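Treat the numbers as computed from the prediction; the structure is a model and nothing was measured. The sequence lines fix the lettering, A, B, ..., with proteins before strands; numbering per chain opens at 1. Worth knowing before you read on, the calculation uses all heavy atoms, side chains too, and leaves out hydrogens, waters and symmetry mates.
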2 protein chains.
Amino acid sequence: MQNPKSTDPLADFMAKCKQHQLKITPQRIAIFKEIRTSKAHPSVDDMYRTIKKQFPSVSFDTVNRTLLTFSEIGLVDLVEGQGGPRRFDPNRAEHHHFHCIKCGRIVDVFEKGYDELEIPASLKKRFKILNKRVVLNGICDRHGTKRQTDSLKGEKYG
Amino acid sequence: MQNPKSTDPLADFMAKCKQHQLKITPQRIAIFKEIRTSKAHPSVDDMYRTIKKQFPSVSFDTVNRTLLTFSEIGLVDLVEGQGGPRRFDPNRAEHHHFHCIKCGRIVDVFEKGYDELEIPASLKKRFKILNKRVVLNGICDRHGTKRQTDSLKGEKYG
DNA sequence: GTGATTGCAAACCTTTTGCACGCCA
DNA sequence: TGGCGTGCAAAAGGTTTGCAATCAC
């Protein structure tokens, strides 16, 4: 059972808002348009800075609440992380993540075998599983030898 | 290539500290002893409150820095989460996690099939992979029907 | 003795909350 | 028009930093 999807993302977005009794405001449209194709798993602050360029009067607060709202209605996902600022993922198709522990970069991983993992029956019985993902942690290709690593210590969110 | 492990966890701990030129202080010992067998994936604050009972003069700060240090030398793991306080996992054997999106509870999942996932060759080439884990999100068995769910809204960290 | 570690306090950053105004339906 | 959404400001929550005193080695 899948929602009907047109080829117009904005129309789908508006339909989803209506479905959840959310009003369609210029701010929400701008935020939706901006995050829709992002591959960078942006934080609220990343999004705020981007949106502000085209919509200078928007408040940080609205961006924050809007992204939270979007994640509640399944328009974006909250990305798993290890304690830094919250980050969002517009790609709701099943996929997986690599996290760089040095710079916080998150790289999408598409791996058919991972998609096909079964949920253990005992868990399915106890819990309602909504989402599964393989998370890989490591050091990304922007950090090389030990010497280079040291010089890059301050890099953030690659 | 594995480090020799005795059957004495405290001795192993001290060896690991020496290996990394860390001094063995009463605070570190207390924190190590306390987290060693925790199944609850405690936050810094959880640990601070526990440690303080047996070591009243310890500061929050020391607990925080010690746990961070422990995670750097591989004595505990940082748990993936979605924005709340950082949480730690003393179990460094390969295992997986279920996260309850309603109360933040994290349940260990042991599933042999998950342990055997291969890292895609293309990723192995680009990145140094240090850890892999399957993360399941959903709603745990402490939340039942809609009505019960509402009454449990404030529950935290199961 | 000496350098690492601790406890404390302040600073910092992110997220949450309360409220009045304004806009969408 | 009515209620949701926005912007602002303050508060809250968690983490980080700087420093002087203390402790492990």
> C/dG7 C1' sits how many Å from B/Asn64 CG, rounded?
Replying inline: 13 Å
> Going by the ring-ring contact (aromatic ring centres under 6.0 Å, His included) test, which pairs reach into residues 61-83 of chain B, not counting sequence neighbours?
Replying inline: B/Phe13-B/Phe70
> What integer distance in Å separates B/Asp46:CG from D/dG13:P?
Replying inline: 15 Å
> Which residues in residues 56-63 of chain B have at least one heavy atom lying under 4.0 Å from any atom of DNA chain D?
Replying inline: B/Phe60, B/Asp61
> Roughly, in whole Å, what's the span from NZ in A/Lys52 to P in D/dT6?
Replying inline: 14 Å
> Listed by chain and number, what are the side-chain contact (heavy atoms from CB on, under 4.5 Å) partners of B/Lys128, not counting sequence neighbours?
Replying inline: A/Ile139, B/Leu130
>> What is the separation between atom NE2 on B/His20 and atom C1' on C/dT5, rounded to the nearest whole Å?
In response: 17 Å
>> With a 4.5 Å cut-off on side-chain heavy atoms, are A/Thr66 and A/Phe32 touching?
In response: no
> When Ile, Leu, Val, Met, Phe, Trp and Tyr are grouped by side-chain heavy atoms lying under 4.5 Å apart, directly or through other members, which residues fall in the same group as B/Val79?
Replying inline: B/Ile106
>> So, OP1 or OP2 of C/dT16: does either fall under 4.0 Å of a side-chain N or O from A/Arg86?
In response: yes
> Think A/Gln21 has a side-chain N or O under 4.0 angstrom from the OP1 or OP2 of D/dG3?
Replying inline: no
> Is B/Arg49 paired with B/Asp45 through a side-chain N to carboxylate O contact shorter than 4.0 Å?
Replying inline: yes
> Within this structure, what is the OH-to-C1' distance between B/Tyr48 and D/dG13, rounded to whole angstrom?
Replying inline: 15 Å
>> Just the rounded figure in Å: distance from P of D/dT15 to CG of B/Asp45.
In response: 9 Å
> In whole angstrom, what separates A/Arg87's CZ from C/dT15's P?
Replying inline: 12 Å
>> Pick the closest DNA chain D nucleotide for A/Gln27 and for A/Gly83 by heavy atoms, then say which residue is nearer the 5' end.
In response: A/Gln27
>> Considering every strand and a 4.0 Å limit on heavy-atom distances, what is the contact class for B/Leu68: base, sugar-phosphate, or nothing?
In response: sugar-phosphate
> With a 4.0 Å cut-off on heavy atoms, is B/Arg65 in touch with a base, just the backbone sugar-phosphate, or nothing at all?
Replying inline: base
> Taking only residues two or more places apart in sequence, or in another chain, which ones meet B/Asn91 in a side-chain contact (heavy atoms from CB on, under 4.5 Å)?
Replying inline: B/Asp89, B/Ala93, B/His95, B/Phe110
>> What is the separation between atom CD on A/Gln82 and atom P on C/dT14, rounded to the nearest whole Å?
In response: 16 Å
Between the protein and nucleotides 21-25 of chain D, are there any N/O to N/O pairs under 3.5 Å, and if so, what are the atom names and distances?
| unit_1 | atom_1 | unit_2 | atom_2 | d |
| --- | --- | --- | --- | --- |
| D/dA24 | O3' | B/Ile24 | O | 3.4 |
| D/dC25 | OP1 | B/Ile24 | N | 3.1 |

> So does A/Lys39 pair up with A/Asp108, basic N to acidic O under 4.0 Å?
Replying inline: no
>> Taking A/Glu94 first and then A/Arg133, would you say they form a salt bridge - that is, a charged N and a carboxylate O separated by under 4.0 Å?
In response: no
> Are B/Asp77 and B/Arg87 ion-paired here, with the side-chain N under 4.0 Å from a carboxylate O?
Replying inline: no
